[in-house]
Each structure stands twice: as C-alpha cells, then as structure tokens.
Amino acid sequence: MKNKEIARIFNEIAEFLEIKGDNPFRIRAYRKAAQNIESLTEDLSVLIAEGRLTNVPGIGKDLAEKITEYVNSGKMQSYEDLKKDVPRGILEIMSVPGVGPKTARMLYDALGIDSIEKLEEAAKFHKLQKLPKIREKTEANILKGIEFIKRSRGRIPLGMAWPVAYKIVNSLKKQDIVKCIDTAGSLRRYKDTIGDIDILVVSSEPEKVMDIFVSLPLVGDVLAEGETKSSIRTRNGIQVDLRVVEEKSYGAALAYFTGSKAHNIRIREMAARKGLKISEYGIFNSMGKWISGREESDVYQAVGLPWIPPELREDTGEIEASQSGHLPELVELTDIKGDLHDHSNWSDGENTIEEMADAAKKRGYKYLAITDHSRALGVARGLDEKRLREQIETIRKLNGRCRDIVILCGTEANIGMNGLLDLPPELLKELDIVVASVHSGFKQDRTGMTERVIKCMRSGLIHVLGHPTGRLLGERDEYEIDMGEVLKVAKETNTAIEVNAYPFRLDLTDYNCKRAKEIGVRMAVSTDSHFTEQLDYMSLGVSVARRGWLEKNDIINTYSLEKLKQWLKRE
DNA sequence: GCCGTTTTCGGCCCGACTGTTTTCAGTCG
C-alpha cells in the first residue's frame, strides 16, 4: 500500500513549490490531494486498476498520472526533479517556527544555510542581522524556534493535551469577565495527536483576559500578545492559542477555530457561492452586513446544512453526507455498556479484580472483561494454564456475590510469530472472551505479519483482535500489516477489531475504523486499563470511533449483556 | 493543479500578529 508514501511525497512537493514561489493554489492542490489520500480507505493501486483514481476529490488528470507513475515504477519524475532543484536542507529550515519559504530561501541564497545546525550557528554569531528584514528580534525568535524543535517531539498525544487544556480552561472560567469558554481546534475534533491547544473565549474585556492568560503559572514563553489573540508556550512545550470574541461572533468563531482548515474552506466556498461571506466574526451578506453567527449551527444553516459533529470535520466526505442526509448517528460515551479489555493484579495491573469491577460499576457498566496477559508475556506476569484456571474460579465466585455487574472471564492471549496462541484451545474455549494481540516480533515483514494475524483469526478461537497496528504514539510506528486484508478476514470470521483507548495507542486509528465500517466489521472500544482510573480512557476510545464514523451498532460493547453473550458464542 | 446548477478559463477562504518598515510582506492558523 503506497498511499502514505504518496501523500508524503505530495506534501513535500508542496513545500518545494513554496520555496520556489510557485502558484499558491497549485501548492494547495498538492496538500489537499495529500490529505485526501491519507484519509482514503482504499489502496491507490486498486483505484488505478479500476480506473477510479480521478473520482478521489482533489485528484485530477495530472496528479492521477503522477500517482500511477509512482505505483508502477516506484518513482515520480517531477518529484525527483524538484529534489535536484531545491536543496533538501531548506525544507529542514522551514520546520523552524517563524521561518517560512521566503525566509528559508533567503537564508540559503545569502548564507548557504541548509540545516538547522548551520542556522543556529549563524544566528548565534548574529550573522542573520546583516540580511534584509532581519534584525535582533527575528534572530532571537529563530533561536527560540530551534530550541523548541529540539525539545519537542512534534505533535502531542490527545491524552496528554487534554489535562493541560482542562487546567487552563478552568483557571479562566473562574474569572467574572469570561462569559463563555470552549476548547477548539484539533482537540475539539479529538484528533489522536494535536499540534497546539486552541481556546475560545467570550468577554467584553479582551485585554484583561489576555493579561490573565499570559501570566498563568504554567506559561513558559509568550509568543504573541494582541488585542484579540495571544499565544503562549507552556513550560513543558505545548503551544496554546487564546482568542477572544464578542458574543455575537461566538458560533462563527467556534466553527472557524475548530476547523479543520479543509472543512472550513469547503464551507466558506459554499457560502461564497450563495453570495455570503463567512469569517470568524459571523456570516455576512453581499453588502457586508452581519446576518448571524451567535451559534455554531448558524454557520451550517447559512450553507443549508445540518450541524456537523466536530469529529467529522475533516473534509473526508462529511459535507457530501450531510448534503444527502446521510450523516452517521455517531456512537456516544453513554452507549457503552462495558469494557472488554482490562488487566488486574493477576498480571501487570495494579488493582484486584474486585476493585476493577467496582470501578466499572461506578461508571454505569453492565459488564467488565478481565483479560490478563497470557503465559508468553513473562514481563507482564502472564498467566499460565494453571493460574488462568484459578482466576476463572475466582471470577465465578465474585459473580455469585455481586449482581450489579458481570465480570467476564477472558485473556489477552499473545499471538506468536507463527500466528499461534500461547494457551491450549480447550482452555480458550472455556473463556467468555478472548482478545488476541501481537506483543513481539514487530519487525516482521508485511506479508509475514499479515499472515500471522490472519492465521490467528481463522483459528476460530479469538473474539477480538487487540491493538491491531501496535503503534505507540511518539515512540513506535504501526507495524507493517495489510490492514485491508486483515479487515476482510475479520468480516469473514466475525472477529471484532479493537479500538484501544489507551492514550498512546488509539489503535485502530480513525481512518481504519471508517474502512472497517465500510467492510462491515464489528468493533470493540476498550481501554486496556491497568488500574481503575484508566477506565476513563473510554472517552478517548469513543472519540476515535466517532472520528471513524462508527455508530452504536458497529460496536459490540454497546450491546446488552445478553446480546453480547450471544455474539461471543457466535450464535 | 483542481473544478464547474452562470464557467473548460479564471477563479480558488479569511483574518491576526510580528517585525520591519512608514505601508506591508511573511507567517501562521
């Protein structure tokens, strides 16, 4: 599957073209195409074979030819030419905040700077100040930017950003002058990683709000401070943008700052065709008169659409779906009836089975599966046959005593290199639920890994495939696996695919969820909790499911206990 | 480079803040 590679190449081409000062709309076309390819649920080579490539929005005759060329030959001539034309180092310089294509080009032309190291060196020796349009401040900002890059490892996992956002929102909420406050941006869209935190406020005294914001204790650097917009960087390196608007603009501003950019552009284009203008200040008619914008739904109403949930706003089909009245009824946290992947202190969890069950009960669940690690995972004190049998006995006794919640006996069995599980089949068949996951041999090649997982699913012994791509955000990439094939076999064998809600996993990913739904695969949203508080990760898992367009019925742990049991018995 | 319910050519979302300038280009979202 070359989708990702091609998306990366298109993004890189866009950067090269920016440096060359090419037509901005052409650049946008490449970026848009890259984005659409990334969220594509089908393999580009399939689209080529079926002649459907230009059906993909943003891909016309030219880009279709380039994609075909790359898929067939492994090369794209125009990209190779650009690489020869523009030194790669300039791209690196552009990654420094505040340095865009123009500055990067100038730095290269004037001083031959083609790496961050050289840029840092030149800035430290004040060589940049000799250049036009660069004086002390710009030079200092470049150094700060470099410092930031060195410290940060790119985007932050959603689960890490939330507590920071929560803290800031709560501090500001206490102020009388803050009338309304919400998070926006990728955080509100619940993207699995976020670039920065966006916060929107209504206040009649914006300057005061800004003052309070930039002097919060967690502020490290103030990047910008204006009358309506300020940016800070927290001590631990997360950028936070705050915007203050009037009450009558709140809806329009919320829509605008929630994004995504691509989604907004589509909405604004639609508005323009109706002779309207949409900005963060509201909806305006052709005379420039303010019409509406108090509520977020005003924006959608202006273009004749129903309100679209933030999780869907990626311009990946949600606008078309809403036009035709086919927006999904997204699953809600309250639809979840239980958690199907949880650990206890029998393996590497911290709490007893009983504590976990109580915590689940508190969250209103009807059932909780205890799926401790199995034998092969020695580091996690995986249970062998004997201990698992003891655990089953323990759980049966607990279930006898407690009537409010049912504990399901399970395991997170280990899928070996050969696709076999590490517990005997007859024991696995006794369990209520078997989750099976890969925990080792991540470097296996694509064919091997795909066969390994498929073989396991075909064994008829597992109900759920756990954290299917094995990624750990910021640490480990997804392992090589043919997800299309895996999903097909999941459908055939009626195996559910897990959406693991652990903040650093969020695996299966949103776009693969969408793909799974299209194929008709059932999903399980589970937290993989290792102590009771982690049960709350469920909301993150649900957000991934929502971003993947999943509805209640796609997810087995929205089922009642009876229905779930039937499903688990494959009746 | 894409796209089309006025169009196969001429459009392509809209605005804030900074730093360097004396009116704006560059960058960012």
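Note that these values count all heavy atoms, side chains included, but never hydrogens, waters or copies made by symmetry. None of the values given here were measured: they were computed from a predicted structure. Reminder, nothing fancy here: chain letters follow the sequence lines and each chain counts from 1.
As judged by a 4.0 angstrom heavy-atom cut-off over every strand, A:Lys261 is placed among the base-contacting residues. Residue A:Lys277 is in sugar-phosphate contact alone, with no base atom involved, counting any heavy-atom pair closer than 4.0 Å across all strands shown. Residue contacts for A:Arg26: at a heavy-atom cut-off of 4.0 Å it reaches a base atom on one of the strands shown. Within the nucleic acid shown, A:Ile267 has no heavy atom closer than 4.0 Å to any nucleic acid atom. Using a 4.0 Å heavy-atom criterion, one finds that A:Tyr30 contacts the sugar-phosphate atoms exclusively. Using a 4.0 Å heavy-atom cutoff across all strands shown, A:Pro101 reaches sugar-phosphate atoms only and no base atom. A:Asn141 comes within 4.0 angstrom of the backbone, heavy atoms only, and of no base. Looking at heavy-atom distances under 4.0 Å, A:Thr103 makes contact with sugar-phosphate atoms alone, never a base. Residue A:Pro24 is classed as having no contact, given no heavy-atom separation below 4.0 Å to the nucleic acid. Among the protein residues, A:Arg243 comes within range of the sugar-phosphate backbone only, with heavy atoms under 4.0 Å from sugar or phosphate atoms but none that close to a base. The residue A:Ile27 sits apart from the nucleic acid: no heavy atom pair falls under 4.0 Å. No contact: A:Ser231 has no heavy atom under 4.0 Å from any strand.
Close approach of DNA chain B to chain A, defined as any atom under 4.0 Å from a non-hydrogen atom of the protein, starts and stops at B:dG1 to B:dG29.
Between B:dT7 and B:dC2, the distance separating the two C1' atoms is 14 Å to the nearest Å. Between B:dG26 and B:dT21, the distance separating the two C1' atoms is 13 Å to the nearest Å. The C1' atoms of B:dG29 and B:dC13 are separated by 12 Å, rounded to the nearest whole Å. Taking atom C1' on both nucleotides, B:dC14 is separated from B:dC9 by 24 Å, rounded to a whole Å. Taking atom C1' in both B:dG1 and B:dT8, the straight-line distance is 14 Å, to the nearest Å. The gap from the C1' atom of B:dT27 to that of B:dT20 amounts to 14 Å, rounded to the nearest Å. Here the separation of B:dA16 from B:dG11, taken at their C1' atoms, is 25 Å to the nearest Å.
Looking at A:Asp315 and A:Lys32, a side-chain N of the basic residue comes within less than 4.0 Å of a carboxylate O on the acidic one, giving a salt bridge. For the pair A:Glu12 and A:Arg8, the salt-bridge criterion is met [side-chain N within less than 4.0 Å of a carboxylate O]. A salt bridge is defined here as a Lys NZ or Arg NE, NH1 or NH2 lying under 4.0 Å from an Asp or Glu carboxylate O, and A:Glu320 with A:Arg266 meets this definition. Ion pair A:Glu18/A:Arg31 flagged as a salt bridge, since at least one NZ, NE, NH1 or NH2 atom sits closer than 4.0 Å to an Asp/Glu carboxylate oxygen. Using a 4.0 Å cut-off between charged side-chain N and carboxylate O, A:Lys118 and A:Asp114 make a salt bridge. With respect to A:Lys124 and A:Glu120, a salt bridge is recorded, a charged nitrogen being found less than 4.0 Å from a carboxylate O. A salt bridge does not link A:Asp182 to A:Arg188: none of the charged side-chain nitrogens sits closer than 4.0 Å to a carboxylate oxygen.
When Watson-Crick and G-U wobble pairs are counted only if both distances are under 3.5 Å, B:dT8 pairs with no nucleotide at all.
Residue whose closest nucleotide on DNA chain B sits further toward the 5' end, between A:Asp241 and A:Arg268: A:Arg268. Comparing A:Val96 and A:Lys133, the nucleotide of DNA chain B nearest to each residue sits closer to the 5' end for A:Lys133.
Residues A:Tyr511 and A:Glu38 have side chains that never bring a donor and an acceptor to within less than 3.5 angstrom of each other.
Applying the ring pair (Phe, Tyr, Trp, His ring centres under 6.0 Å) test to A:Tyr537 and every residue at least two apart in sequence or in another chain returns A:Tyr502.
Here the side chain of A:Asn3 pairs a donor or acceptor atom with the backbone of A:Leu44 at under 3.5 angstrom.
For DNA chain B, the neighbouring residues in residues 52-83 of chain A, judged by any heavy atom under 4.0 Å, are A:Pro57, A:Gly58, A:Ile59, A:Gly60, A:Lys61, A:Asp62, A:Leu63, A:Lys66.
Between A:Tyr300 and A:His263, the angle of the ring planes lies from 30° to 60°, which puts this pair in the tilted group.
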